[in-house]
Amino acid sequence: MTNKKRKRNNNNNNNNNNKNDVSKKNQQEISSASSTPKRTKSNQPSNFLQKMRARLSGGHFRMINEKLYTCTGKEALNYFREDSSLFNLYHAGYKTQMSNWPEQPVNVIIKWLKKQNPSFVVADFGCGEALISKSVKNTVFSLDLVSNDPDVIACDMANTPLDSSSADVAVFCLSLMGTNYQTYLEEAYRVLKLGGWLLIAEVKSRFDPNNGGADPEKFSKAISELGFNSVKRDFSNKMFLLFYFTKKEKHDSKRKKEIEWPSLKPCLYKRR
Ligand code: SAH
């Protein structure tokens, strides 16, 4: 599998085409504001622009984030289909948020994967920037709503193009966002081989029953009823919980419709 990294040229080379001197000057101010983050008295206007831009993109991120946590996967797919640039905006904001976390859950999962059999086939549900595929030797099917990378399969992860019983590991790293999250787990059950691993990392605040969050016991119970064994949990991190399951054969498990799925509290970020 190829892991091509695309480098984007962020320099705006089109200024020469602009015949209007005033707007040329403005463009220069804007581009210098984005490239020189120094705070000096003399560059107060660009400082101001820089702050405004950060505030605007922060606002956009929070809006898209809220949308993704409060709609179904199908709606989210249509949302990004209408304007795929929103996806890049979302991920720029996501990166900023994550940079405040002492540890990234995706790195914990990558470490775990590196200790497993390298022949394991991995399905990364809601892969974002496909960090898993870029970090391990395994075959990784990276799935997300938008694909800006030839290695990422664009789909709603409730309906992936992956074959049944084809993966050894299914990963959901901070990606159980839609209100219909159980359908993503049903899809993971279909795609996983018997005995295959299901790893879920989710934001801790979504599982705080005293604060409108789900009870992690109920969440774990619902997944077990879907047809998984709970193997391990790691609640030691301040920011996220980690659940490890393996796929079992369904014997007397409840029918899909009877499973009581707790609703997971949306993870909304505050304005800083
Ligand atoms: N797992 C990555 C990215 C987490 S952000 C990481 O840890 O770095 C959550 C990602 O899930 C976003 O990229 C979002 O687009 C994706 N996602 C949310 N709902 C989805 C759905 N229904 N189908 C596919 N991807 C989805």
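Only this structure's heavy atoms are used, side chains among them; waters, hydrogens and symmetry mates stay out. Nothing here was measured: the structure is a model prediction, and the numbers come from that model. Just follow the structure's listing: the first ligand is 1, and inside any ligand the first atom is 1.
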- Task: Might you confirm whether atom NE2 of H91 has over 12 heavy atoms from other residues, nucleotides or ligands at distances under 6.0 Å?
- Result: yes

- Query: Side chains of D208 and S205: do they bring a donor and an acceptor to under 3.5 Å?
  - Reply: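 Note: D208 and S205 side chains miss the donor-acceptor criterion.
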
- Message: Membership question, hydrophobic clusters at under 4.5 Å side-chain separation (ILVMFWY): are Y90 and V152 in the same one?
- Response: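 No, separate clusters.
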
For [X], check salt bridge (Lys or Arg N to Asp or Glu O under 4.0 Å) against everything at least two apart and list the hits.
{"X": "K204", "answer": "none"}
{"X": "D168", "answer": "K193"}
{"X": "K95", "answer": "E129"}

- Message: Students should find this: residues with any non-hydrogen atom under 4.0 Å from ligand 1. What is the answer?
- Response: G73, F87, H91, Y94, V106, G126, C127, G128, D144, L145, C155, D156, M157, C173, L174, S175, M177, Y184

